[in-house]
Number of protein chains: 2
Amino acid sequence: MENRLDRIKKQLHTASYKLTPQREAIVRVLLEHEAEHLSAEDVYLYIKEKSPEIGLATVYRTLELLTELKIVDKINFGDGVSRYDLRQEGAKHFHHHLVCIECGSVEEIQEDLLGEVEEIVEKNWHFQIIDHRLTFHGICRRCQEKATGGEKNKKAASI
Amino acid sequence: MENRLDRIKKQLHTASYKLTPQREAIVRVLLEHEAEHLSAEDVYLYIKEKSPEIGLATVYRTLELLTELKIVDKINFGDGVSRYDLRQEGAKHFHHHLVCIECGSVEEIQEDLLGEVEEIVEKNWHFQIIDHRLTFHGICRRCQEKATGGEKNKKAASI
DNA sequence: GTTTATGCAAACGATTTGCATCTAC
DNA sequence: GTAGATGCAAATCGTTTGCATAAAC
């Protein structure tokens, strides 16, 4: 974990960006909450606990910076908020997501399942693929089990 | 085309929504600009040419309505604007998109290329898929040709 | 006639920006 | 010392909402 932080710091340095405590704090929060899909506001609130003087604008600016450097990926599940996801180290491609339309949970698939599909697209559409976004909308395992158990929970979350 | 409009009108009627001229105008615009990926503002401007008294709020409300009825799909390419795409008649799934990071053009893939991938996901992740969003980011054919100084690549894109 | 839809303007929330101040280098 | 980064507040932009009026049924 410490290694990973250091490597990100080096990336910033290499790209000649200054290493401010705010930037470090933001990266730390992302590392500590890797499984969640934090919005800028989420990151801001986490940091505020320890460093109350940070500004939301700085969070936005830093997240944009990290997106440019391909350290994080900016995703949008259609709810009007951008979320920021640490990219797996060395990952060429963005991972996939499973969004539950019942409970809103988001699961990640790290494997790249699109190899064959991309070959087809590159060949038949003459499109040179650089990255992809794949999200499945459906019912997660927990909600499936809930549904078959008792037909009560109906907290629809439409996208 | 006229048939399609009528069928959509019937869908509205069946769901007991009123058939207002505004709603019809919005559907017409969507039908006339099927290849584009119109934002609410785009739709608004197109309609304004012929019916200047329409309000932007009505456009938003109608597009939301059409999304609920699964007549259109709401997409987001990450530029902060929602776009609305007519769904192919009878399509169970959302079509795929090819977004060019050079020129910003958006191409559509109507075929469903995810059959096998979805089987894998349902089986290995126990996730019941209802719909999907798949977007490839890369370089479109035209921009590739531009980059290589006009290298010819005449193979037909057939499937 | 009742219910639903509309248009307008105001409200809203997420994100961006201008600017004076600060800080990493 | 200087270029770049920050914090704050104000501005911006897409979208939603309240409400009185109008139109579809």
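Throughout, a chain's letter reflects where its sequence line sits, starting with A, and its residues are numbered from 1.
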Hey, what bend do you get for the helix from C:dG1-D:dC25 to C:dC25-D:dG1 if you fit axes on five pairs at each end, rounded to 10°?
40°

Got A:Arg23 and A:Ile26 here, is their nearest side-chain heavy-atom distance under 4.5 Å?
no

Could you tell me if A:Tyr46 and A:Glu41 have a donor-acceptor pair between their side chains, going purely by distance under 3.5 Å?
no

Applying side chain to side chain contact (heavy atoms under 4.5 Å, CB included), name anything that partners B:Asn124, two or more places apart in sequence or on another chain.
B:Ile120

For A:Asp112 and A:His95, does a side-chain donor sit closer than 3.5 Å to a side-chain acceptor?
no

To the nearest angstrom, the CG-C1' distance between B:Leu12 and C:dA5 comes to 12 Å

With the threshold set at under 4.0 Å for non-hydrogen atoms, list the residues of residues 53-63 of chain B touching DNA chain D in residue-number order.
B:Leu56, B:Ala57, B:Tyr60, B:Arg61

So, is A:Ser82 close to the C:dA14 phosphate, meaning a side-chain N or O under 4.0 Å from OP1 or OP2?
no

Quick test: give all pairs of protein nitrogen or oxygen and nucleotides 21-25 of chain C nitrogen or oxygen below 3.5 Å, distance rounded to 0.1 Å.
residue : atom : partner : partner atom : Å
C:dC25  : OP1  : A:Leu19 : N            : 3.1

Could you check whether any side-chain N or O of A:Asp42 sits under 3.5 Å from a backbone N or O of A:Ser39, counting only pairs where one atom can act as donor and the other as acceptor?
yes

Taking the six-membered ring for Trp, are the ring centroids of A:His132 and B:His137 within less than 6.0 Å of each other?
no

For A:His97, is there any backbone N or O sitting under 3.5 Å from a side-chain donor or acceptor partner on A:Glu107?
no

Do B:Arg83 and B:Phe77 form a cation-pi contact, if we require the NZ or CZ to be under 6.0 Å from the six-membered ring centre and within 45 degrees of the ring's axis?
no

Nearest heavy atom decides the nucleotide; on that basis, is A:Lys48 or A:Leu65 closer to the 5' end of DNA chain D?
A:Leu65

Mind checking which nucleotides bracket the chain A contacts on DNA chain D, 5' to 3', with an atom under 4.0 Å from a heavy atom?
D:dA3 to D:dC8

Go through it in stages, so that I can follow the logic: the residues are A:Glu108 and A:Asp85, the test is side chain to side chain contact (heavy atoms under 4.5 Å, CB included), and I'd like the CA-CA distance, side-chain angles, deciding distance and then a yes or no.
CA-CA 10 Å; A:Glu108 296 190 354; A:Asp85 238 11; 3.1 Å; yes

Other cluster members, A:Ile130 - Ile/Leu/Val/Met/Phe/Trp/Tyr, side-chain contacts below 4.5 Å:
B:Ile101, B:Ile139

Please indicate whether B:His126 has more than 12 foreign heavy atoms, meaning atoms of other residues, nucleotides or ligands, lying under 6.0 Å from its NE2.
yes

Looking at the rings of B:His96 and B:Phe136, which for Trp means the six-membered one, are their centres under 6.0 Å apart?
no

Could you check how far CG of B:Asp79 sits from P of C:dA14, rounded to whole Å?
18 Å

Sidechain N-carboxylate O distance under 4.0 Å for A:Glu145, A:Arg141
yes

Contact class for B:Ser39 (heavy atom, under 4.0 Å): base, sugar-phosphate, or nothing?
nothing

Grab the CD1-C1' distance between B:Ile26 and C:dA5 for me, whole Å please.
11 Å

Using whole Å, what does the distance between atom C1' of nucleotide C:dG13 and atom OH of A:Tyr44 come to?
15 Å

What's the CG-C1' distance between A:Asn76 and C:dT15, to the nearest Å?
12 Å

